[in-house]
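Residue numbers run from 1 in the order of the sequence given.
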Amino acid sequence: MEIILNQENKKWKELEVSLTKNECKQVISLLKELLNTTDQHFHISRNTYSEKEINDVTVSIKDSKGKKNKYTIMGKAIGASE
């Protein structure tokens, strides 16, 4: 797994998450579990600490009361050349 914070363009920050098929299955399983236990969360964490890279990503169910959604999930997967 790789998690990269791309800051090449100072006005646009991009988080890139690359998973193996097995890691993808594990994340899907954890997301499905979150749907049933909305007060829980899970982490995607580095095995070793890094000062330059992302060390932890926390995933949880958002409390939508009175808050605007800042992000959009875009349709289907896009190929690397697109």
Side-chain angles (χ1 to χ4, degrees):
M1 176 183 314
E2 279 190 302
I3 299 176
I4 298 168
L5 179 59
N6 182 346
Q7 294 179 298
E8 290 176 17
N9 180 342
K10 293 181 181 185
K11 293 182 181 181
W12 183 265
K13 292 175 179 49
E14 178 180 279
L15 184 67
E16 180 181 327
V17 180
S18 302
L19 306 168
T20 64
K21 286 185 177 186
N22 284 336
E23 290 166 338
C24 189
K25 288 176 186 177
Q26 188 176 8
V27 169
I28 289 169
S29 174
L30 289 167
L31 288 169
K32 286 180 179 179
E33 192 173 327
L34 271 184
L35 289 173
N36 296 319
T37 55
T38 58
D39 61 334
Q40 298 297 313
H41 67 278
F42 68 88
H43 295 265
I44 300 172
S45 302
R46 281 183 56 86
N47 295 327
T48 57
Y49 174 77
S50 171
E51 287 188 25
K52 296 181 179 180
E53 297 181 31
I54 294 172
N55 290 291
D56 186 72
V57 175
T58 303
V59 181
S60 63
I61 298 291
K62 177 183 162 193
D63 176 8
S64 61
K65 294 179 184 173
K67 297 179 183 176
K68 287 187 176 181
N69 194 358
K70 297 178 183 178
Y71 300 92
T72 301
I73 297 173
M74 306 297 267
K76 68 175 190 151
I78 300 172
S81 63
E82 294 181 54

S.K.: Compare all side-chain heavy atoms of V17 with those of L19 and state whether any distance is below 4.5 angstrom.
M.R.: yes

S.K.: Could you give all pairs that pass the salt bridge (Lys or Arg N to Asp or Glu O under 4.0 Å) test and reach residues 27-41, with sequence neighbours left out?
M.R.: none

S.K.: Taking only residues two or more places apart in sequence, or in another chain, which ones meet E53 in a side-chain hydrogen bond (donor to acceptor under 3.5 Å, both in side chains)?
M.R.: R46

S.K.: Do M1 and I28 sit in the same hydrophobic cluster, where Ile, Leu, Val, Met, Phe, Trp and Tyr count as joined when their side-chain heavy atoms come under 4.5 Å apart?
M.R.: no

S.K.: Taking the side chain as every heavy atom from C-beta outward, state whether V57 and I54 have any atom pair closer than 4.5 Å.
M.R.: yes

S.K.: Does Q7 have more than 12 heavy atoms from other residues, nucleotides or ligands lying within 6.0 Å of its CD?
M.R.: yes

S.K.: Could I get the full list of side-chain contact (heavy atoms from CB on, under 4.5 Å) partners for E16, not counting sequence neighbours?
M.R.: I4, E14, S18

S.K.: Atom CG in L15, atom CG in L5: separation rounded to 0.5 Å?
M.R.: 6.5 Å

S.K.: For E23, what residues pass the salt bridge (charged side-chain N to carboxylate O under 4.0 Å, His left out) criterion, not counting sequence neighbours?
M.R.: none

S.K.: Going by the rule side-chain hydrogen bond (donor to acceptor under 3.5 Å, both in side chains), which residues pair with S45 if we only count those two or more places apart in sequence or in a different chain?
M.R.: D56

S.K.: Roughly how far, to the nearest 0.5 Å, is the CG atom of L31 from the CG atom of N36?
M.R.: 11.5 Å

S.K.: What's the separation between atom OG1 in T20 and atom NZ in K25, rounded to the nearest 0.5 Å?
M.R.: 9.5 Å

S.K.: Would a single hydrophobic cluster contain both V59 and L30, if residues Ile, Leu, Val, Met, Phe, Trp and Tyr are joined by side-chain heavy-atom contacts under 4.5 Å?
M.R.: yes

S.K.: Could you note down all residue pairs passing ring pair (Phe, Tyr, Trp, His ring centres under 6.0 Å) where residues 10-41 supplies at least one of them, sequence neighbours left out?
M.R.: H41-H43

